[in-house]
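For ligands, and for the atoms within them, numbers begin at 1 and follow the listed sequence.
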Amino acid sequence: MARYELVKRSVALITLTNPPVNALSSAVRHAIAKSMEHALNDPKVTAVVIYGENGRFCGGADIREFAGPLRGPPLVPLLDAIEAGEKPVVAAIEGVALGGGFELALVCHYRIAHFKARLGLPEVTLGILPAAGGTQRLPRLIGIPAALELITTGRHISAQEALKLGIVDQVTEQNACEVAVEFALRAVAKPLSSRRVSTLTTPCPPDLDALLEAVTMQVKKKARGAMAPLACVQAVRAAATMPYSKGIKRESELMATLFNSGQARALQYCFFAQRTAGKWTLPSGAQWNNSKPREIRRAAVIGLGTMGRGIVVSLARVGISVIAVESEKKLLETGKQMVIGMLERDAKRQGVSASLNLLKFTLSLQDLKDVDIVIEAVFEDMALKKHVFQELSKVCRPATLLCSNTSGLDVDALAGVTDRPHLVVGMHFFSPAHVMKLLEVVCGPRSSSETIATAMSLGKRMGKVSVAVGNCPGFVGNRMLKPYLDQATFLLEEGATPEQIDKALEDFGFAMGVFRMSDLAGLDVGWRVRKESGLTGPDIDPKNPPRRRQGHRYCPIPDMVCEQGRFGQKTGRGWYMYDSPGGTNAKSDPLIQNLLEMYRSRYGIQPRNISDQEIIERCLFALANEGFRILEDGIAARPEDIDVIYLFGYGFPRHRGGPMFYASMVGLERVLERLEHYHQAHPDVPHLEPSPLLKKLVACGSPPVQNWREHIKTMHSHL
Ligand SMILES: CC/C=C\CC(=O)SCCNC(=O)CCNC(=O)[C@H](O)C(C)(C)COP(=O)(O)OP(=O)(O)OC[C@H]1O[C@@H](n2cnc3c(N)ncnc32)[C@H](O)[C@@H]1OP(=O)(O)O
């Protein structure tokens with residue numbers, strides 16, 4: 001777990017050997033402690049270098065160990081001992097120095113970083129804080145404002161930024177270990193006292209209280225209920241106001257409140273869920289590690305609306321040449337200007353020149369003969385999409401992959417009109433596609449494993465979190481959205497307001513409540529889907545729209561809002577009113593309040609007081625209930641996949657872990673009981689009827705979410 005060797009006759013080189021990221025597992029901590037003891041006691045040794053094997057210094061504490069009792073030497077005394085030692089210790093940082101790995105580097109007397117190395121204290125993203133002295137040493141080294149920013153955001157920084165901030169002593173383009181050994185030899189004669197960061201006085205700004213107050217406010221606003229960022233501010237305050245010996249105790253107390261919290265469990269679950277999602281499998285046995293993706297060099301995107309533009313930018317950013325196609329000259333020109341503007345702004349931010357030479361804009365599908373992949377992003381209309389796929393089938397070479405950015409249409413029906421159904425897959429990006437990290441890769445029954453592997457790998461290359469899902473209306477994300485939206489509108493009927501529902505969801509931690517989110521997405525999208533599915537249309541009496549359709553409860557209010565031309569932010573009016581079309585500042589609209597009052601009185605509904613608890617339970621348990629059905633149906637392979645989709649695509653609060661993890665934290669028994677209660681009260685809402693899988697899991701003793709898979713016996717896996 002750590003190799004010890006003597007180099008240059010007098011330098012002890014301690015190399016961490018715990019692949020893949022040299023995490024500080026109990027065995028590694030034990031090995032470091034033994035190696036340091038050896039080095040400090042060996043008279044031949046005049047200096048020490050700590051290094052990480054395989055070009056990675058250290059990825060921090062072993063997060064998997066957080067779930068069990070602490071074993072092996074605790075980190076704080078181990079690190080204190082390294083710092084207090086009388087022989088100079090140099091950290092040779094390649095790859096990453098994160099969390100406990102960064103804290104290990106901070107106790108070394110010198111730090112040499114490779115120019116490609118990245119450093120950071122990402123503990124806050126795991127619901128904890130840097131509790132191996134990080135919150136006490138970093139402010140002493142770089143001052144309160146910079147330390148606060150790094151610790152409360154968990155941002156990784158480059159070696160160059162670390163040098164500027166004074167975190168590292170030297171940045172090198174050579175082998176960091178070799179440079180560190182030479183550096184260590186030169187450091188032998190120098191005094192160490194000023195190199196022990198814990199002994200430094202924290203440089204404090206004169207307006208410390210005001211600064212801490214401002215950061216607290218800022219962090220509170222951003223954290224949406226997460227506890228760790230606030231605890232980080234308190235720990236840094238201790239570094240500013242207490243000696244190290246007391247500050248470290250404060251750090252440890254704060255860590256104790258976070259370490260076993262539900263939020264920390266949720267955030268650590270998210271870390272692993274995100275990595276699990278990349279490991280897709282198909283019933284055929286094809287999976288992420290036995291299916292080779294194709295290399296993609298040339299891509300085409302059809303349609304330069306909002307989605308198409310974002311996809312073009314995402315592809316060009318990673319060096320893929322893109323042919324962008326539109327059907328009309330004016331649309332092409334507008335799209336072209338937008339794409340170029342986006343890429344130029346991107347390049348300006350990074351201080352490089354925009355890679356515009358990768359782009360070609362055309363009106364002709366004939367130009368797509370030689371591309372490796374086409375991503376269709378035309379209007380969400382099946383007939384139009386089928387027409388495009390038929391044309392692509394004729395034009396593109398037989399090996400070209402054909403992908404659709406549909407948000408819910410049948411991918412297999414599109415495959416069926418082509419001459420290569422095995423090369424057809426859905427690539428459902430989220431708007432705006434150059435910003436949002438989620439990509440649902442929709443596997444049709446005929447999509448080949450190579451096609452899926454290629455789409456997943458392309459998503460990863462574009463920096464997306466790609467999740468493989470099965471083909472059904474709405475796939476995973478949008479299919480689950482329906483019961484969630486339905487509950488929100490039923491609650492409106494019963495007496496709630498959009499503001500009340502949004503506030504309850506935002507207090508829960510959502511980035512945006514359901515009505516604000518709908519306004520942003522555009523209310524006309526759902527209206528068109530309801531029309532296409534026959535739920536609404538010209539046959540409906542606008543004066544007296546029925547509240548039961550297709551055998552179930554139906555809320556006509558969203559249609560009534562659309563009938564008034566209120567399509568959300570883009571029209572300046574939706575569930576809220578905005579200063580102008582395209583405005584983002586949502587204000588309550590008395591017209592909506594009137595509409596709700598008139599509606600209730602027309603149908604004789606006595607509005608009742610609805611608690612925030614009921615809002616949360618009805619919206620989120622209905623959401624999770626659909627997630628259970630999706631697992632039963634084999635549309636998602638694992639609950640982690642569903643959670644990742646909701647975290648990255650729908651603003652579900654990360655410190656709640658995602659809808660499925662949240663349900664498990666509430667307790668499946670409780671979720672079942674509440675769903676039964678609400679279903680009894682609303683028997684005409686099938687989404688409130690508990691799913692068989694939920695009942696089965698409760699009957700099996702509510703296993704932890706990571707074990708649900710064993711209980712999911714899918715008859716017809718779509719994956
Ligand atoms: C007293 C408390 C003291 C300290 C607290 C801490 O140190 S908390 C931990 C802080 N560190 C982190 O948060 C870093 C987490 N890791 C990462 O950000 C990335 O893994 C990293 C290091 C940037 C590498 O990224 P890359 O994309 O190259 O690989 P990937 O993320 O897929 O990881 C590869 C496998 O390693 C596992 N892993 C990574 N870090 C840890 C870790 N700290 N502990 C345990 N396991 C870790 C990861 O899950 C992957 O595993 P796999 O089985 O292959 O999915």
So does E161 pair up with R155, basic N to acidic O under 4.0 Å?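 Answer for the salt bridge query: yes.
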
Salt bridge flag under 4.0 Å for residues R195 and E86: no

Verify the distance criterion only: is there a donor paired with an acceptor across the side chains of Y244 and R137 at less than 3.5 Å? yes

Numbering the atoms of ligand 1 from 1, which are under 4.0 Å from a heavy atom of [X]?
X: F271; answer: 15 (C), 16 (N), 17 (C), 39 (C), 40 (N), 49 (O)
X: K279; answer: 52 (P), 53 (O), 54 (O), 55 (O)
X: G60; answer: 7 (O)

Which word best sums up how the rings of F652 and Y646 line up, parallel for under 30°, tilted for 30 to 60°, or perpendicular for over 60°?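 Ring orientation, 0 to 90° scale: perpendicular.
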
Between ligand 1 and [X], can you find any atom pair, the residue atom being a heavy atom, that is separated by under 4.0 Å?
X: R56; value: yes
X: F102; value: no
X: R118; value: no

Which protein non-hydrogen atom lies closest to atom 19 (C) of ligand 1, naming both residue and atom, and how far is it?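 Checking every protein heavy atom, the shortest distance to atom 19 (C) of ligand 1 gives R275 NH2, 3.9 Å.
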
Does the ring of F510 carry R224 above it, NZ/CZ under 6.0 angstrom from centre and within 45° of its axis? no

Looking only at distances, can you tell me whether any N or O atom of G101, backbone or side chain, sits closer than 3.5 Å to an N or O atom of ligand 1? no

Start with the C-alpha distance between Y51 and F57, add both sets of side-chain angles, then the distance that settles ring-ring contact (aromatic ring centres under 6.0 Å, His included), and finish with yes or no. CA-CA 6 Å; Y51 180 60; F57 181 72; 8.1 Å; no

